[in-house]
Amino acid sequence: MSESARGDQGGSTGETARASRDAAPVAADAGDGTRAVRAGLPEAVKYEPTLPGPVFAAHFHLPGDPTGPYTYGRDENPTWTLLERAVGELEAPGRDDAETLVFASGMAATSAVLFSQLRAGDVCVLPDDGYQALPLVRAQLETYGIEVRTAPTRGDAQLDVLDGAKLLWVETPSNPGLDVCDIRRLAEAAHARGALVAVDNTLATPLGQRPLELGADFAVASGTKQLTGHGDILLGYVVGRDTEAMAAVRRWRKIVGAIPGPMEAWLAHRSIATLQLRVDRQSTTALAVAQALRERPEVTGLRYPGLPDDPAHKIAAQQMRRYGCVVSFTLPTRARADRFLDALRLVDDATSFGGVRSTAERRGRWGGDAVPEGFIRLSVGAEDPEDLVADVLRALDTSTA
Ligand SMILES: *Cc1c(COP(=O)(O)O)cnc(C)c1O
């Protein structure tokens, strides 16, 4: 069916025509703010909304031969199409060879890459200090006969275990330790051995770094965190530049059904409009918080890749344009850390990161991460920097034993 025939039917298929109409991509050299507010918008059409609303459809009118773009709601949805264009314009501006797929969560996206690319007998290299669900993924990969090797993010240590690998998975900056590895160097080494490279770009966001430009085959992320930034939806995405590999990722999404709902996809797209405002504000404040924490004698192990003397800063400065909203540090004891969290007024004691409201947690409460008992992961929100710094310092002052 032609676009116009579909549009002529009105109702929900009119929505389909609207969302599948031509994109109005932002110039590749536009600034990040311009790109964020316009990302994924369709061409202007008189009397149509600038960002079409969510399309709720399990199926679409489909007489005759079942060809796309919209057939059944697990395969494609016009609201995803616009969101996928938006994410693609941020992760891979100006690249025609990149394809974007959105998922129900970051783990859905992660699993889609790993489980669609790896077969029994393959070798996969993961970081040993990455996202806390990676050990679960490792155990699952191993039950399928895939060999998993791990090495730390720091010092590009994954280089040492690359021989014979089919896929290298990199997470930089790593969560929660905030170590950074050299994406370009690792990608070159992996490609020289015939391995594909995936980078978990959750913490940096596409405004912090663009893994595909640094040589990665896939940029994968949880959109649950700073990409959408309000702590109210789960989302994931994969951007890839290898057509065959992306076809396998798409097939995996179809068979597992790990798809986002139209409402979540639309909320995500709406949220991306403020990405540059949020990321700039949050990273500027994160640096101010880190600088304030550095002056405190009870704080050890302070990490923020944007601090000029942070061990990760040199590589971070080469490949990142913004250093993220997460600061990590250690207080002397578990009890002190708990009292500190309790004393904070502007910072919610909650997991996750990247939201407009600051959160912090004692990471050791989950088990799994190799961190000290007093280790705190602080996610800096969009509050006024002076207010947040004052709250953190006051909570440190009042939480001494
Ligand atoms: C949260 C997170 C994930 C998983 O994302 P979900 O949306 O929670 O499934 C993956 N990687 C990193 C680095 C994360 O922080």
Side-chain angles (χ1 to χ4, degrees), residues 83 87 91 101-115 124 126-138 140-141 150 152-154 158 168-181 183 197-209 211 216 218-239 249 252-253 256-261 264-265 267-268 271-272 279 282 286 303 305 312 316 320 323-328 350-355 359-361 363 366 368-371 375 377-380:
L83 175 61
V87 172
E91 280 281 359
L101 293 168
V102 289
F103 287 84
S105 68
M107 284 316 297
T110 299
S111 298
V113 170
L114 292 170
F115 290 96
C124 171
L126 300 178
D128 68 10
D129 52 354
Y131 184 61
Q132 61 175 350
L134 286 184
L136 300 173
V137 172
R138 174 188 188 151
Q140 194 64 43
L141 289 168
T150 62
T153 299
R154 183 191 310 222
Q158 288 173 301
L168 167 65
W169 185 272
V170 166
E171 185 180 312
T172 181
S174 61
N175 169 25
L178 303 179
D179 275 315
V180 169
C181 59
I183 296 175
V197 179
V199 175
D200 184 327
N201 206 28
T202 303
L203 204 141
T205 84
L207 297 193
Q209 76 194 357
F218 303 99
V220 186
S222 168
T224 311
K225 314 292 168 56
Q226 202 174 16
L227 185 82
T228 61
H230 293 71
D232 50 13
I233 53 177
L234 284 111
L235 190 89
Y237 68 79
V238 178
V239 185
V249 175
W252 179 265
R253 182 175 73 174
V256 173
I259 53 164
E264 279 75 9
L267 278 170
S271 304
I272 284 173
V279 169
Q282 289 173 259
R303 295 300 304 269
M320 299 182 76
Y323 301 108
C325 63
V326 180
V327 176
S328 65
T351 194
S352 199
F353 61 87
T359 58
E361 69 173 337
R363 196 62 189 169
W366 295 96
D369 293 323
V371 294
F375 180 97
R377 186 183 68 185
L378 171 63
S379 171
V380 171

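Note that the structure is predicted; figures quoted are calculated from it, not measured. Remember, it's 1-based here, ligands and their atoms both numbered in the order they're listed.
Taking atom 8 (O) of ligand 1 as the reference point, the nearest protein heavy-atom neighbour is Tyr131 OH, 3.8 Å. Scanning the protein heavy atoms around atom 7 (O) of ligand 1, the nearest turns out to be Thr224 OG1, 2.6 Å. Among all protein heavy atoms, the one lying closest to atom 11 (N) of ligand 1 is Asp200 OD2, 2.7 Å.
Distances below 4.0 Å separate heavy atoms of Phe353 from the following atoms of ligand 1: 15 (O). Each of the atoms 15 (O) of ligand 1 lies under 4.0 Å from some heavy atom of Asn175. With ligand atoms numbered from 1 in the order given, ligand 1 contributes 11 (N), 12 (C), 13 (C), 14 (C), 15 (O) to contacts under 4.0 Å with heavy atoms of Thr202.
Inclusion of Lys225 in the set of residues having an N or O under 3.5 Å from an N or O of ligand 1 is warranted. Close N/O approach between Met107 and ligand 1 is found [any backbone or side-chain N/O within under 3.5 Å]. Between Gly106 and ligand 1, an N or O atom pair is found at a separation short of 3.5 Å.
Judged by distance alone, with hydrogens and angles left aside, the side-chain atoms of Glu171 form a donor-acceptor pair with the main-chain N or O of Tyr131 at under 3.5 Å. Between the side chain of Thr153 and the main chain of Cys181, no donor-acceptor pair closer than 3.5 Å is present. Judged purely by atom type and a 3.5 angstrom limit, Ser352 has no side-chain atom pairing as donor or acceptor with the backbone of Gly231. Without hydrogens or angle criteria, Thr202 side chain to Ser222 main chain gives a donor-acceptor distance under 3.5 Å. Side-chain atoms of Gln282 never come within 3.5 Å of backbone atoms of Gly324 as a donor-acceptor pair (strictly under, hydrogens ignored). Although no hydrogens or angles enter the test, the distance criterion places no donor-acceptor pair under 3.5 Å between the side chain of Arg253 and the main chain of Ala108.
Look at Leu203 and you'll find every heavy atom at least 4.0 Å from all atoms of ligand 1. A heavy-atom separation below 4.0 Å is not found between Thr110 and ligand 1.
For Asp179, the salt bridge (Lys or Arg N to Asp or Glu O under 4.0 Å) partners at least two apart in sequence or on another chain are Arg154, Arg303.
If you take CG on Leu267 and CD1 on Ile272, they are separated by 11.5 Å, rounding to the nearest 0.5 Å.
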